[in-house]
Structures are given as structure tokens and as C-alpha cells.
Undergrad: 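My structure is below; once you've seen it, I'll send some questions.
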Amino acid sequence: MTQFDELYKALYGANPPQKKPVPSASLSAFLRPVQPAPRVNTGFLGSQQKPLVKFRKPKVFVSFDYEHDRIYKQALDMWDANKRFDFTFQSHTPNEIQSFNVGRIKAVLTTKVKEATHVIVLVGKYANQVHPDTKLIGFRNWINFEVYQARLYKKKIICVMLDNNNTLPEWLVNSGATLVRSFNEKDIIEALKK
């Protein structure tokens, strides 16, 4: 059982659906007629128009409590990597920052938030807990700092409640964030598309 299968079972209480075997290619598959090239729409006086883009992958920064809720961030990454899921995004969340320099960490987080189109805030049990470096951070914790940056740079904020009893980070209150009441693929995708 893979790590993805274990996480899927923990989240949904069942094993994920398995891929159906693909039949081997036949000679008739190679002998299909070649499809004609699609026609290019031309506008006034024959100028070419750009084709419509279906849905761009949002550039998402995920704000979460690394110590307690990183499994949910890993689930988002697995949903994106697994072709059986509709979930798709470009992660702009940094890997664990190998520094104890608060100024350096703030700079990296600010850059990543600025590059993103959306900020997903995973609200776990400790999302509003006071961080030991609160005075150096200038905020209660890193999640509040990241939400402040998202608000400052006018990013679309999605608040995902991991449990409805959890306390919202103070900077998330009155932020205009889209609220997702549980950690599930369908609701998070809908929130990203709004």
C-alpha cells in the first residue's frame, strides 16, 4: 500500500479506486485516419484570434501549521499529482525553509505569496496558537503573517476548516475569504474556480 493509498484511506475510509488495465494497442489503432488540423478562427479582415483558454492552473500558496497539519498539505500535493483526481494547481508554497533567521523566512514567504494567485489557509487546531518568535514575526504566528501578506497583495483567500471547532487565525476574520467547511477535493476545487 502506497503513502497515497494510506492517506486516501485515512481521509475517506476506503481504498482508492484502482486503475483498470489498458488493453494492448492493436494494429487498427495505428491505422486510424489522420485527423484534419483544427481550423483557426479568423476575425475581421482575416486576422487570427487566440483560442479560448479552458481553465488555467491557479498558482496556490498553502498556509498551514507545519508541525500539526502538514499531512493535509501533502494530500493537496498528492491530489495534484494523481491523474484520477480533478484537483490541479501549481504550488507556490516553499519547502521547509532551512533557516532560523526570521527576516529571511519572512522574505521567502512574502515572495511566494506575491507569486501566487490564491492562498489556501488550512485552519487546524493550532492555527491561531502563539508562536515562540511572535515578537520577531510581528504577528501571532506564521499563518497570520501569511494571511496578512495575502490581504496586502489582494490574493484570493480560501479558508479550509479542518474541523468546524477550530479557531480562525485573527487576520482571517473579515478578510473576505471563501469558506470551505471540510477538507474535500470537490469543495476546494469549487472555491478555486470562483
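The residues of the chain are indexed from 1 along the displayed sequence. All figures in this text were calculated on a predicted structure; none of them were measured in a lab.
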Undergrad: Please answer whether the main-chain N or O of H131 pairs with a side-chain N or O of N141 as donor and acceptor at a distance below 3.5 Å.
TA: no
Undergrad: Between F145 and V130, is there a shared hydrophobic cluster once you connect ILVMFWY residues whose side-chain heavy atoms come closer than 4.5 Å?
TA: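 No, F145 does not connect to V130 through the hydrophobic network.
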Undergrad: Looking only at atom types and distance, does a side-chain atom of H118 sit under 3.5 Å from a main-chain N or O of L192, one as donor and one as acceptor?
TA: yes
Undergrad: Partners of T117 by side chain to side chain donor-acceptor pair (under 3.5 Å), sequence neighbours excluded?
TA: none
Undergrad: How far does NZ of K155 sit from CD of E115, to the nearest 0.5 angstrom?
TA: 9.0 Å
Undergrad: To the closest 0.5 Å, what do you measure between OG (S63) and CG (L122)?
TA: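 That separation rounds to 7.5 Å.
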Undergrad: Under 3.5 Å, side-chain donor or acceptor atoms of residues 169-181 against the rest of the protein: list the pairs with distances, not counting sequence neighbours.
TA:
from, atom 1, to, atom 2, distance (Å)
S175, OG, L172, O, 2.7
S175, OG, A177, N, 3.3

Undergrad: Cation-pi between R70 and Y66: NZ/CZ under 6.0 Å from ring centre and within 45° of the ring axis?
TA: yes
Undergrad: If you round to the nearest 0.5 Å, how far is CG of L168 from CE of M161?
TA: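 Those atoms lie 5.0 Å apart.
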Undergrad: Could you walk me through whether V102 and I137 pass the side chain to side chain contact (heavy atoms under 4.5 Å, CB included) test, one step at a time?
TA: CA-CA 7 Å; V102 171; I137 297 169; 4.1 Å; yes
Undergrad: Give the intermediate values and the outcome of side-chain hydrogen bond (donor to acceptor under 3.5 Å, both in side chains) for residues N128 and N144.
TA: CA-CA 8 Å; N128 208 34; N144 280 290; 3.2 Å; yes
Undergrad: Without swapping roles, check the side chain of D133 against the backbone of L136 for a donor-acceptor pair under 3.5 Å.
TA: no
Undergrad: Regarding K73 and D69, does a basic nitrogen lie under 4.0 Å from an acidic carboxylate oxygen?
TA: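 D69 and K73: not salt-bridged.
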Undergrad: Decide yes or no for Y72 and V160: does some side-chain heavy atom of the first lie under 4.5 Å from some side-chain heavy atom of the second?
TA: no
Undergrad: Can you name the side chain to side chain donor-acceptor pair (under 3.5 Å) partners of Q149, sequence neighbours left out?
TA: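 None.
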Undergrad: So which atom in V119 and which in A150 form the shortest heavy-atom distance, rounded to 0.1 Å?
TA: CG2-CB, 3.7 Å
Undergrad: Step by step, would you call I188 with W79 a side chain to side chain contact (heavy atoms under 4.5 Å, CB included)?
TA: CA-CA 11 Å; I188 295 173; W79 288 353; 4.0 Å; yes
Undergrad: Same cluster or not: L109 versus Y126, using hydrophobic residues (I, L, V, M, F, W, Y) connected whenever any side-chain heavy atoms lie under 4.5 Å apart?
TA: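 No; tracing contacts between hydrophobic side chains, which count when under 4.5 Å, never links both residues.
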Undergrad: What distance separates R151 CZ from I157 CD1, expressed to the nearest 0.5 Å?
TA: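 Atom-to-atom, R151:CZ and I157:CD1 are 6.5 Å apart.
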Undergrad: Quick one: pull up CG in D65 and CG in N166 and give me the separation to the nearest 0.5 Å.
TA: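 One finds 10.5 Å between CG of D65 and CG of N166.
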Undergrad: With side chain to side chain contact (heavy atoms under 4.5 Å, CB included) as the test, pick out the partner of E146 among F61, F139, F64.
TA: F61
Undergrad: Keeping N184 on the side-chain end and D187 on the backbone end, is there a donor-acceptor pair under 3.5 Å?
TA: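 At least one qualifying donor-acceptor pair exists.
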Undergrad: With side chains defined as the heavy atoms from C-beta onward, is the minimum distance between T110 and Y148 less than 4.5 Å?
TA: no
